[in-house]
Enquirer: 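The structure that follows is given in the form of C-alpha cells.
Hydrogens, waters and symmetry mates play no part in the numbers below; they use all other heavy atoms, side chains included.
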Amino acid sequence: MRKLILLVICALLFLRCSKPDKPDLPNDGEITIAADESLKPIIDAQVMAYNAHYPKAILHVRYMPEQKAMSLMLSDSVDIAVTTREATQNEQSFFASKKIAYLPAKMALDGVALIVNPENPIENISLKELKDIFDGKAHSDYKLVFDNSNSSNLNYMMQKLQIKDMNRANIFAANGNKDVIEYIKKNPKAIGIIGGNWISDLDDQNSRVFISSIKVLGVSVSDSPAAADYYKPTTESLRARKYPLERRVYLHTMDHFGLTKAFTRFCCAQIGQLVVEKSGLIPYYVYPKGVVISREQPK
C-alpha cells in the first residue's frame, strides 16, 4: 500500500513538472512596467492602445521615480523600466555582467515644462535666469515645485543648469505632477516643473483642464533674448529642436522575449509612434506619410 501511494505521488509530481507553463506571448501574457511618474499620460496612452489590439495581454504599470524603476528592472522585479535617461555606466556594467546586450528603446521626445499661476507676472524666462533662481540669486521668495524628492525633472534640471548646491534653492516636493499643477493653481509665487506630456495632448480632457488653469513659460537659451527667442514645449518647437528643455523617453529591459519585447517594439513601431504623435510629443522614429499617385486613367 505504501509503495502504491509513493507511485501515485511520484506520478503527480512528474505530471506537474512536465506540464508547460503558460507561454508569455505578445497577445496573451502578463508583465509589469515601472515608469517615471512624469511620463504617466504617454505610458497610459500606449498601454490603452496595446490592449485595444491585444485585449488578453495584461500590462501592470507602477509609477515611481525613474531611479527606483531602473533598480527594480535590474533586480528582475519588473519587466520594463521607462525613464527619461539612458542607463548609467554602473547600470550598463550590470547588463554586461549578465551577458545581456544593453539595447534601450527610444520612444519619444518630450519636454520639461515650466508652469506658473496665471497671476504670476513672469511670461518668459532664460536658462540663466532660471539658474539664478536655483542659486538663490533671484526671486528668493519663489518656490520651485517638483513632483517628488527623487524627481527625474529635478535631476534633469540639475544637470542642465549645472546646479551643484541645492541648499540655496527654495524647493518644494509635491506628490506627483498632478499635485504640482494643483499647487501652482493656488500659489502665484511659485514655478512648477512637470513633464510636458501632462499638458501636451489637447484632445485629452485632463490636459485641457490643466492647461486652462496654469500658464506655461517660454524658455530661451540666450542670456539676452529677444521676444522671438523664447519657446514653449509645443509640438512645433520640439520638432524643430528649439525648445531648450527637451528630453528623450527610453524603455529598458533585460528580457527580449514574449510580451516584454512585443510591447517595447509596439511603442517604437508605427502604431506606438502614432500614439506618441497624437499625445503632442515627437515620435523618435518618424514614419513618412507617402502618397501613391497612379498614372492610369480610371475605367
Side-chain angles (χ1 to χ4, degrees), residues 33-47 49 61 63-74 78-92 95 101-114 127 146-147 150-162 177 193-201 216 219 221 231-254 256 260-261 263-287:
I33 303 163
D36 189 85
E37 195 269 343
S38 71
L39 302 172
K40 186 177 188 300
I42 182 60
I43 298 305
D44 283 352
Q46 291 286 20
V47 169
V61 186
Y63 291 105
M64 61 191 70
E66 64 184 6
Q67 184 60 40
K68 184 177 180 181
M70 285 294 290
S71 296
L72 289 177
M73 186 274 299
L74 292 173
V78 300
D79 300 284
I80 300 172
V82 188
T83 72
T84 63
R85 63 169 178 83
E86 292 192 77
T88 64
Q89 286 298 319
N90 286 338
E91 291 164 347
Q92 291 188 40
F95 274 85
Y102 175 59
L103 301 170
K106 300 165 186 174
M107 184 180 76
L109 190 68
D110 188 17
V112 176
L114 307 181
L127 293 184
F146 289 88
D147 44 325
N150 293 313
S151 167
S152 64
N153 296 324
L154 176 58
N155 293 333
Y156 173 87
M157 296 304 297
M158 289 180 65
Q159 293 178 12
K160 183 71 176 181
L161 302 176
Q162 299 182 345
N177 284 256
I193 295 90
I194 64 172
N197 66 113
W198 279 82
I199 55 175
S200 62
D201 187 355
V216 181
V219 185
V221 296
Y231 297 94
K232 296 181 180 181
T234 62
T235 302
E236 291 75 18
S237 64
L238 285 170
R239 181 178 289 113
R241 307 296 298 277
K242 291 185 176 181
Y243 184 63
L245 302 178
E246 67 174 30
R247 62 180 185 175
R248 292 177 174 85
V249 180
Y250 299 90
L251 287 82
H252 310 266
T253 182
M254 295 195 298
H256 300 291
T260 299
K261 180 180 180 180
F263 179 74
T264 302
R265 294 186 65 178
F266 177 89
C267 292
C268 301
Q270 188 169 16
I271 297 176
Q273 294 291 277
L274 289 174
V275 172
V276 170
E277 189 173 36
K278 187 266 175 192
S279 298
L281 305 184
I282 304 304
Y284 194 86
Y285 302 98
V286 179
Y287 286 83

Enquirer: Are the side chains of Met64 and Leu72 in contact, using a 4.5 Å heavy-atom criterion?
Expert: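 Contact flag for Leu72/Met64 side chains = yes.
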Enquirer: Quick one: does any side-chain atom of Ser237 pair with a main-chain N or O of Lys242 as donor and acceptor, under 3.5 Å?
Expert: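 Judged by distance alone, no pair lies under 3.5 Å.
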Enquirer: Contact between Gln159 and Arg85 at the side-chain level, heavy atoms closer than 4.5 Å - yes or no?
Expert: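 No. Closest side-chain heavy atoms not under 4.5 Å.
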Enquirer: Could you grab the distance from atom CG of Leu251 to atom CG of Leu103, nearest 0.5 Å is fine?
Expert: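 If I round to the nearest 0.5 Å, the distance is 12.5 Å.
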Enquirer: Can you tell me if Ser38 and Asp36 form a side-chain donor-acceptor pair at under 3.5 Å?
Expert: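 Checked: Ser38/Asp36 side chains pair up, N/O donor to acceptor below 3.5 Å.
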Enquirer: Could you tell me which non-hydrogen atom of Val78 sits nearest to which non-hydrogen atom of Ala69, and how far apart they are?
Expert: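 Taking Val78 first and Ala69 second, the nearest heavy atoms are CG2-O, 4.2 Å.
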Enquirer: Can you check whether Glu66's main-chain N or O pairs, donor with acceptor, with Glu37's side chain at less than 3.5 Å?
Expert: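 No, because the side chain of Glu37 does not come within donor-acceptor range (under 3.5 Å) of the backbone of Glu66.
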Enquirer: State, with a plain yes or no, whether a side-chain heavy atom of Ile199 is found less than 4.5 Å away from one of Val216.
Expert: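 With C-beta onward as the side chain, the pair touches.
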Enquirer: Quick one: does Val276's side chain get under 4.5 Å of Tyr284's, heavy atoms only?
Expert: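 They are not in side-chain contact.
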Enquirer: Walk me through whether Asn153 and Arg247 qualify under side-chain contact (heavy atoms from CB on, under 4.5 Å).
Expert: CA-CA 10 Å; Asn153 296 324; Arg247 62 180 185 175; 2.9 Å; yes
Enquirer: Please check: side-chain N/O of Thr260 versus main-chain N/O of His256, any donor-acceptor pairing under 3.5 Å?
Expert: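 Checking the backbone N and O of His256 against the side chain of Thr260, no donor-acceptor pair under 3.5 Å is found.
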Enquirer: Indicate the atoms forming the closest heavy-atom contact of Leu154 with Phe146, along with that distance.
Expert: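 Heavy atoms of Leu154 and Phe146 come nearest at CA-CE2, 3.3 Å.
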Enquirer: Go through the steps to decide whether Asp147 and Ile194 satisfy the test side-chain contact (heavy atoms from CB on, under 4.5 Å), and finish with yes or no.
Expert: CA-CA 7 Å; Asp147 44 325; Ile194 64 172; over 6 Å; no
Enquirer: Is any side-chain heavy atom of Asp110 less than 4.5 Å from a side-chain heavy atom of Thr84?
Expert: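 They are not in contact (no side-chain heavy atoms under 4.5 Å apart), so the answer is no.
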Enquirer: With no hydrogens and no angle check, is any side-chain donor or acceptor of Gln273 less than 3.5 Å from a backbone partner on Cys267?
Expert: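 Here the side-chain-to-backbone pair exists.
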Enquirer: Ignoring hydrogens and angles, tell me if any N or O in the side chain of Tyr243 forms a donor-acceptor pair with the backbone of Glu236 under 3.5 Å.
Expert: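 No; judged by distance alone, with no hydrogens or angles, the pair does not exist.
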Enquirer: Could you check if a side-chain atom of Gln46 sits within less than 4.5 angstrom of a side-chain atom of Phe263, using non-hydrogen atoms only?
Expert: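 In short, these two side chains touch, coming nearer than 4.5 Å.
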Enquirer: Measuring from atom CZ of Phe95 to atom OG1 of Thr253, what distance do you get when rounded to the nearest 0.5 angstrom?
Expert: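 Output value for this atom pair is 7.0 Å.
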Enquirer: I'd like to know whether NZ of Lys278 has more than 12 heavy-atom contacts from other residues, nucleotides or ligands below 6.0 angstrom.
Expert: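 Result for NZ/Lys278: enclosed.
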Enquirer: Please identify each residue that fulfils salt bridge (Lys or Arg N to Asp or Glu O under 4.0 Å) with Lys261, with sequence neighbours left out.
Expert: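 Applying salt bridge (Lys or Arg N to Asp or Glu O under 4.0 Å) to Lys261 gives none.
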Enquirer: Would a distance-only check, ignoring hydrogens and angles, find a side-chain to backbone donor-acceptor pair under 3.5 Å from Lys160 to Pro244?
Expert: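 Yes: the side chain of Lys160 pairs with the backbone of Pro244.
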Enquirer: What closest approach, in Å, do Ile43 and Ala35 show between heavy atoms, and which atom pair accounts for it?
Expert: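 Taking every non-hydrogen atom into account, CG1-CB, 4.1 Å.
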Enquirer: Under the 3.5 angstrom rule, does the side chain of Tyr102 hit a backbone N or O of Ala87 as a donor-acceptor pair?
Expert: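 A pair under 3.5 Å: yes.
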Enquirer: Between Thr235 and Ile282, which heavy-atom pair has the shortest distance, and what is it?
Expert: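 Smallest interatomic distance, heavy atoms only, reads O-CD1, 3.4 Å.
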Enquirer: With no hydrogens and no angle check, is any side-chain donor or acceptor of Asn150 less than 3.5 Å from a backbone partner on Pro65?
Expert: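 Answer holds: no.
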Enquirer: Would a distance-only check, ignoring hydrogens and angles, find a side-chain to backbone donor-acceptor pair under 3.5 Å from Asn177 to Gly195?
Expert: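 Yes, the answer is positive, given that a donor and an acceptor are paired below the 3.5 Å cut-off.
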Enquirer: Taking the side chain as C-beta and beyond, is there a heavy-atom pair between Met73 and Asp79 under 4.5 Å?
Expert: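 Counting from C-beta outward, Met73 and Asp79 never come under 4.5 Å.
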Enquirer: Does Ile193 reach the side chain of Leu114, with side-chain heavy atoms less than 4.5 Å apart?
Expert: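 Ile193 vs Leu114: side chains touch.
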Enquirer: What are the two closest non-hydrogen atoms of Glu91 and Thr88, and how far apart are they?
Expert: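 The pair with the smallest heavy-atom distance is OE1-N, 2.8 Å.
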Enquirer: Output the distance between atom CZ (Arg248) and atom CD (Glu86), rounded to the nearest 0.5 Å.
Expert: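 Result: 8.0 Å between the selected atoms.
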Enquirer: Under the 3.5 angstrom rule, does the side chain of Ser279 hit a backbone N or O of Leu281 as a donor-acceptor pair?
Expert: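 A pair under 3.5 Å: no.
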Enquirer: In Å and rounded to the nearest 0.5 Å, what is the OH to CD1 distance from Tyr63 to Ile33?
Expert: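 Nearest 0.5 Å value for the OH-CD1 distance: 8.0 Å.
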